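Scroll down for the structure; my scribbles are underneath it.
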Amino acid sequence: MINRECGVLKTSYEADMALYPIPLARSTVLGIAIIVFLPFPVLANDYLLSVANLVNIAILGALGLNILTGYTGQVSLGHGAFMSVGAYTAAILATRYHLPFWLALAAGGVMAAAVGSFFGIPSLRIKGLYLAIATLAGQFIIEWSLNHITWISGGIQSSIYVPRPALGGYVINTQRGMYYLILIVVSLGIVAAMNLFRTRVGRAFVAIRDHDVAAEIIGINIFRYKLLSFAISSFYAGVTGVLYTYYLGIANYEQFTIVTSVNFLAMIIIGGLGSILGSIFGAAFITLLPILLRYVVEGIGGLFFTISDVAGVLTNLQLILFGGLIIFFLIVEPDGLKKLWRNITDYFRVWPFPY
Amino acid sequence: MGAFHLTIEGLHVSFGGVKALTGVSVSAKAGEILAIIGPNGAGKTTLINTISGVYRPEKGRVRLDGQDITHLPPHRIAGLGVARTFQNIALFKGMTVLDNLLLGRHVHMRAGVFASSLYWGLAQKEEVQHRKFVEEIIHFLEIEPIRRKIVGRLPFGLQKRVELGRALALQPKILLLDEPMAGMNLEEKEDMARFILDVNEEWGTAILLVEHDMEVVMDLSHRVAVLDLGRKIAEGTPNEVRDDPVVIQAYLGSRPRAARGFGGDA
Ligand SMILES: Nc1ncnc2c1ncn2[C@@H]1O[C@H](COP(=O)(O)OP(=O)(O)OP(=O)(O)O)[C@@H](O)[C@H]1O
Ligand SMILES: [Mg+2]
């Protein structure tokens with residue numbers, strides 16, 4: 001966020017340890033919060049709102065993966081599958097057991113957390129590429145199970161239709177209603193993550209990432225905390241899956257394939273590993289890029305390709321761009337978009353007295 | 001000085017064919033500074049690693065206040081009050097000094113995921129309370145100006161000091177220091193020596209000190225144990241050990257760096 005440290009004096013540890021110790025940063029955050037809560041949803045049309053909903057859902061998922069991969073240093077290629085666990089749990093509970101939305105939401109998160117920590121067990125022994133492969137196996141096992149165990153998927157096209165979410169008898173059936181619902185859940189997710197990483201548990205995660213031997217030597221139970229990180233990350237994934245499901249009105253495993261897992265990895269790499277702001281930037285970027293790209297290609301693509309070719313060009317162009325961007329950020333700016341942003345704000349941080 | 005606090009009995013550690021420790025027994029009394037010296041490759045670091053649970057011995061026992069800790073995992077051993085520093089510094093380099101020290105408080109903190117993510121009740125109270133404790137250590141080590149600095153960007157001498165701070169944050173009963181003054185200039189060494197003495201005197205913390213600088217060892221330690229090629233070859237007061245012909249022989253027979261440490265006495 002925008003920080004200006006000049007002329008700020010702190011008089012207690014409580015004040016020094018606040019989330020935004022600097023007044024201007026606090027008001028910036030407040031300003032953004034007011035905009036996303038008030039004028040935007042009132043003024044935006046349904047299309048803009050539906051795009052904003054997709055972005056917000058993606059933010060929650062990216063945040064979850066960043067907790068595990070960015071902050072704790074455990075690579076996962078199973079994030080999409082953990083989302084599907086949340087999605088199907090909620091869908092089954094809502095349709096067959098008629099659980100209300102918010103209970104289905106919580107249950108989806110908890111179930112995903114349980115499954116996620118189970119597939120996190122190999123992280124005790126293996127790291128890096130090997131862990132990536134192990135979680136990839138998890139991705140395929142879960143995908144296969146959803147597809148082949150008819151009790152879960154209901155058998156027909158492996159998808160379950162869910163009713164519109166309702167809160168206390170009030171049915172939410174507009175994009176605007178969904179916007180508020182999703183925004184509240186995502187805001188809670190962001191605040192919780194911010195708090196987590198300024199306290200004991202979050203610090204332990206980062207310690208494990210930075211130096212696992214040192215972490216153990218100062219008394220951190222590495223195995224427990226790695227599993228905890230898998231659990232929290234998968235909880236976020238599960239809730240993300242539930243939100244997707246209610247947004248689309250259907251739980252479908254095709255929404256949560258390996259491609260989804262890779263997309264979320266792309267979000268946090270491009271946005272910034274180990275950063276909450278980075279998760280937000282990355283999620284927005286990766287969600288909006290294909291949409292903007294479509295406008296561009298449909299707008300000027302006709303000049304170069306036939307109409308029937310445009311669709312094919314679009315998907316390939318998108319893949320090329322994603323791949324190129326990931327390579328760019330991994331090599332040139334490993335701290336991602338949030339670092340570029342920080343470079344700009346750092347300039348203003350101590351402005352007008354840079355020395 | 002009372003009963004033995006840390007007792008090591010007949011420790012055998014080897015790596016493939018290399019016997020790093022062969023039947024080493026040594027004990028530290030409560031509140032004493034025990035120096036472990038010896039030429040390069042003598043097994044000093046291996047000893048510290050085995051006490052702190054990083055290496056598993058093939059034979060032998062490590063006891064802390066009578067409790068067998070030989071096969072406990074490192075985090076449990078830390079929880080019992082054993083803190084250490086590393087020969088080549090093992091700090092969390094990307095974090096601030098403050099976060100490194102707060103991590104040293106980990107075993108004394110309780111807040112779980114829920115309290116933490118709400119930053120409510122216990123979590124907040126705990127953070128503030130431990131922050132105060134950490135500030136005392138910052139004051140003690142005279143590192144106030146760098147508390148918000150990223151550790152990896154600090155000069156070597158300061159990093160060593162921060163690492164000592166992280167170990168102290170654990171409020172250890174025994175502190176294992178692996179060459180805390182290696183690579184330091186004279187002034188930094190004097191500071192470090194003062195901190196070690198103060199910790200020992202004010203907190204009564206037992207200290208196991210591995211150090212090559214003989215002057216430091218003579219000045220600081222109450223007793224000295226000498227390792228050579230994985231065996232304990234001598235033990236006694238600093239003066240006894242210095243005049244022991246076996247020790248002089250071990251140092252003369254080894255590579256120059258260690259021999260120089262003994263200076264004029266050899
Ligand atoms: N992890 C390891 N793997 C293989 N061999 C090791 C390992 N750790 C130590 N050794 C070997 O054990 C012996 C003792 O090493 P150690 O590091 O304990 O010596 P030291 O007394 O600390 O020496 P220095 O003064 O150089 O620090 C050496 O021969 C070393 O090569
Ligand atoms: Mg050593």
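First the proteins, then the strands, lettered A, B, ... as listed; each starts at 1. Note that the coordinates shown come from a computational prediction; the quantities given were computed from them, not determined experimentally. Note that these values count all heavy atoms, side chains included, but never hydrogens, waters or copies made by symmetry.
With respect to A/R203 and B/E127, a salt bridge is recorded, a charged nitrogen being found less than 4.0 Å from a carboxylate O.
Separating the NE2 atom in A/H211 from the CG atom in B/L103 is a distance of 12.5 Å, to the nearest 0.5 Å. Atom CD1 of A/I217 sits about 7.0 Å away from atom CG of B/N49, to the nearest 0.5 Å.
Among all heavy-atom pairs drawn from B/S116 and A/T199, the shortest one is CB-OG1, 3.2 Å. B/V107 approaches A/G219 most closely through the heavy-atom pair CG1-CA, 3.6 Å. Between A/A214 and B/A90, the shortest heavy-atom distance links the atoms CB-O, 3.2 Å. Contact between A/R200 and B/H106 at its shortest, heavy atoms only, is NE-O, 3.3 Å. Minimum heavy-atom separation, B/S117 to A/N195: O-ND2, 2.9 Å. Taking all atoms of both residues into account, the shortest heavy-atom contact from B/G104 to A/I218 is N-CD1, 4.4 Å.
Top candidate by heavy-atom pairs under 4.5 Å with chain B, chosen from A/V206, A/L188, A/V213, is A/V206. When A/I220, A/V201, A/L228, A/L196 are compared by the number of non-hydrogen pairs under 4.5 Å with chain B, A/I220 comes out ahead. Taking A/A215, A/A231, A/A193 one by one and counting their heavy-atom pairs under 4.5 Å with chain B, the maximum is reached by A/A215. Here B/M109 is the residue among B/M109, B/R76, B/R105 with the most heavy-atom pairs under 4.5 Å with chain A.
Looking at A/Y225, the atoms closer than 4.5 Å to chain B (heavy atoms on both sides) all sit in the side chain, from C-beta outward. For a residue to count as touching a neighbouring chain, one of its non-hydrogen atoms must lie under 4.5 Å from one of that chain's; by this rule B/L91 touches chain A with the backbone only. Heavy atoms of B/V113 lying under 4.5 Å from chain A belong to its backbone as well as its side chain.
Within a 6.0 Å sphere centred on CH2 of B/W203, heavy atoms belonging to other residues, nucleotides or ligands number more than 12. Enclosure of atom CZ in B/F156 by more than 12 non-hydrogen atoms of other residues, nucleotides or ligands within 6.0 angstrom is indicated. Shown here is A/R125, whose CZ atom has no more than 12 heavy atoms of other residues, nucleotides or ligands within 6.0 Å.
Between B/M95 and A/D210, the closest side-chain pair of non-hydrogen atoms falls below 4.5 Å.
For residues 74-94 of chain B, there are no ring pair (Phe, Tyr, Trp, His ring centres under 6.0 Å) pairs, not counting sequence neighbours.
Within residues 157-170 of chain B, the residues approaching chain A closer than 4.5 Å by heavy atoms are, in numerical order, B/R166, B/L170.
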